[in-house]
Amino acid sequence: MAEKSSRNSMNFIENIIDDDLKNNRFGGRVHTRFPPEPNGYLHIGHAKSICLNFGLAEKYGGLCNLRFDDTNPSKEEEEYVRSIIEDVRWLGFDWGERLYFASDYFEQMYEYAIELIKAGKAYVDDLSPEEIREYRGTLTEPGKESPYRNRTVEENLDLFKRMRAGEFPDGSKVLRAKIDMSSPNLNMRDPVMYRILHARHHRTGDKWCIYPMYDWAHGLEDSIEGITHSICTLEFEDHRPLYDWFLEQLNVYHPRQIEFARLNLSYTVMSKRKLLRLVQEGYVNGWDDPRMPTISGLRRRGYTPEAIRDFAERIGVSKSNSMVDIALLEHCLREDLNKRAPRRMAVLRPLKVVIENYPEGRVEELEAINNPEDLSMGTRTIPFSREIYIEQEDFKEDPPRKYFRLAPGREVRLKHAYIIKCEKVIKDEKTGEIIELRCTYDPATKSGEGQDGRKVKGTLHWVSIPHALKAEIRLYDHLFLKENPDDVEEGQDFTVNINPNSLIVIQSYVEPSLADAKPGDRFQFLRQGYFCVDPDTTAEKLVFNRTVPLRDTWAKIEKKLQQNK
Ligand code: ATP
Ligand code: MG
């Protein structure tokens, strides 16, 4: 057995696996699978399942398959298959040669169904879908047996073969397991195994017009692939007796199903149906919109696979549903990016500063460390000149208490450069808006030269106006205003909770070393946050996504001050 991760204590699934290994239940093997249905893009909840399944295989020196559970032709598409493969790979997992499709097992599943019919354990039912629902009963009332339940084996075989041959229209017949219409578990009340659906499948084309239902198909897929531990989410706990029943009746290799709690994240919807609505109804710009909780959205936003894997490990696995604070995901990201994102300077909302005693036309190349957390990332140079931009919010004409940035008559340090002093404020005559500051600098205070006797409390980032590059910056906030987006009044749905300010686009300036930044490159913009180059970037225009802001300590202080007023 491979060594366990030192970080996490054992989770309950590992305890089960350890027991199975001790009892030699699966011949010492650990073989898991990640079984997405290709009917949407993967999201952060899937990432939890991916990390769990591939992670267990890794820890125990076992295997993990990537298997497309493509049993429903009406909602599935090739595009989703491609995106899922890309996303699992990007997360850093490898399924070797073991990329499988449930549709490759359709013939085998059909043979198994014939076996059950021959054993008198499955029958063709002519009840309509509505009637089947009515006959099913409720949690408190037993179901009723279908009048077609006691067809002979011969008749069932004949009808099932003709179902496959396409003789019957959609919805006119189904194949059902013959179990127990009075079972306290509704899933055991003669569940449907096959339905008729004359629909083109993205892989099998028109070969089939009967398609297997999830509960029938899933255990067979696991069995065929020799899976040892079939890990699924909690809502399948009540389906486990059925999973076991099918495999027992067929007397085939029998994996063990284990259920765990799905991930719910605050301020986020996770159901594929809702994500599809966000895309189709234009609330976001596609599946990879950086506000989406999809893997492709997170990737475009600037998330790293390492941060997502770390998050998955920290939340662990449990048996009870709960809501995880999205701040934890952001925390994992900051921790990772802090170690490896090169630092750069960018002024998001510019305010012009003219340094009056700095010679016109002079340019100094100042040296700047790329990452104080990792000196091996080296240094770069940044041009400094007489005219610079600083952040609008870094100047206040009437500074409140504890505001240590620039104000009339005050001094601040310009990062990597000099101490400047604000001498004069220039305003727009009509609007009164501050449009420019006149400052002076102290040539004896150049950064890194150790002659800086004066202490100043504030250090500002800046860019040199003649050298700065224009950049479009996309600032993101949570896509939903409520922690639980489904918290709505009667008659409303989750879309009423969409945050109208989840995307704000601003035109900004960045330092010139970013000229050859490539889509996907990640940076920390000093004092602002982490940013990632968006694929919309062209030779003419840089576009950055704000991945996550740095913790905003000033906002906290400001809040406190307001509370104390
Ligand atoms: P739907 O949203 O359509 O019900 P699904 O989210 O279950 O579908 P699948 O493609 O069937 O999507 O999921 C593949 C695997 O990912 C399953 O094993 C499922 O249990 C797991 N999974 C899906 N959502 C979550 C989640 N939020 N947390 C953890 N695992 C999840
Ligand atoms: Mg599912």
Side-chain angles (χ1 to χ4, degrees), residues 11 13 32-57 64-77 79-85 87-88 91 93 95 99-103 202 212-215 217-219 221-222 225 227 229-240 243 255-280 287 292-296 298 308-309 311-324 326 328-329 484-486 494:
N11 66 49
I13 298 180
T32 55
R33 85 288 175 260
F34 174 64
E37 185 182 346
N39 62 352
Y41 279 60
L42 297 182
H43 53 59
I44 182 76
H46 292 115
K48 174 178 179 178
S49 174
I50 293 166
C51 292
L52 178 61
N53 280 293
F54 281 94
L56 286 169
C64 182
N65 298 354
L66 176 58
R67 178 209 307 150
F68 287 96
D69 198 5
D70 57 346
T71 53
N72 179 4
S74 55
K75 290 183 181 167
E76 294 166 4
E77 285 172 34
E79 178 199 347
Y80 298 136
V81 171
R82 247 183 296 115
S83 75
I84 289 169
I85 288 176
D87 289 348
V88 180
L91 279 173
F93 297 108
W95 49 89
L99 173 63
Y100 299 124
F101 290 85
S103 55
H202 70 109
M213 304 302 289
Y214 178 90
D215 285 320
H218 206 84
E221 296 160 22
D222 288 339
E225 292 177 16
I227 300 304
H229 300 88
S230 174
I231 299 167
C232 60
T233 42
L234 230 42
E235 66 276 18
F236 289 100
E237 197 161 17
D238 288 345
H239 297 239
R240 184 172 2 116
Y243 182 101
R256 172 177 197 151
Q257 176 179 304
I258 303 170
E259 309 85 18
F260 73 105
R262 63 170 51 235
L263 170 67
N264 300 301
L265 256 194
S266 59
Y267 300 101
T268 307
V269 296
M270 210 83 95
S271 122
K272 279 192 270 191
R273 191 178 49 80
K274 289 179 188 155
L275 295 176
L276 184 63
R277 275 195 61 194
L278 291 174
V279 173
Q280 285 183 337
W287 285 100
M292 290 281 274
T294 51
I295 310 278
S296 51
L298 295 170
I308 294 175
R309 294 204 304 261
F311 171 71
E313 179 135 339
R314 287 194 208 202
I315 55 177
V317 287
S318 84
K319 268 281 187 192
S320 55
N321 281 314
S322 65
M323 169 102 79
V324 174
I326 195 166
L328 177 60
L329 179 62
N484 174 10
D486 290 319
F494 71 103

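First listed ligand is number 1; within each ligand, the first listed atom is number 1. Values below: every heavy atom of this structure, side chains too, minus hydrogens, waters and symmetry copies.
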Close approach, R273 and ligand 1, non-hydrogen under 4.0 angstrom:
no

Looking only at distances, please establish whether an N/O atom of ligand 1 is found under 3.5 Å from an N/O atom of [X].
X	result
L263	yes
T233	yes
K48	no

Who are the salt bridge (charged side-chain N to carboxylate O under 4.0 Å, His left out) partners of D222, not counting sequence neighbours?
R33, R67

Without swapping roles, check the side chain of S103 against the backbone of D70 for a donor-acceptor pair under 3.5 Å.
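Here the side-chain-to-backbone pair does not exist.
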
Short side-chain to backbone donor-acceptor contact, N264 and S322, under 3.5 Å:
yes

Is it the side chain, the backbone, both or neither of F34 that has a heavy atom closer than 4.0 Å to ligand 1?
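Side chain only; the backbone of F34 stays clear of ligand 1.
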
For atom 24 (N) of ligand 1, tell me which residue out of E235, R33, E259, R262 has the closest non-hydrogen atom.
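Shortest heavy-atom distance from atom 24 (N) of ligand 1: R262.
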
List in chain and number order the residues that pass side-chain hydrogen bond (donor to acceptor under 3.5 Å, both in side chains) with E259, two or more places apart in sequence or in another chain; answer none if no residue qualifies.
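Once residues adjacent in sequence are excluded, the partners of E259 under the side-chain hydrogen bond (donor to acceptor under 3.5 Å, both in side chains) criterion are R240, Q257, K319.
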
Of all the atoms in ligand 1, which lie at a distance below 4.0 Å from a heavy atom belonging to [X]?
X	result
K272	1 (P), 2 (O), 3 (O), 5 (P), 6 (O), 8 (O), 9 (P), 10 (O), 12 (O)
F260	29 (C), 30 (N)
E37	9 (P), 10 (O)

Quick test of your reading of the model: are E235 and R262 salt-bridged, counting only N-O distances below 4.0 Å?
yes

When N39 is tested against each of K272, R273, K75 for side-chain hydrogen bond (donor to acceptor under 3.5 Å, both in side chains), which residue passes?
K272

Classify the angle between the aromatic ring planes of F34 and H46 as parallel (below 30°), tilted (30 to 60°) or perpendicular (above 60°).
perpendicular

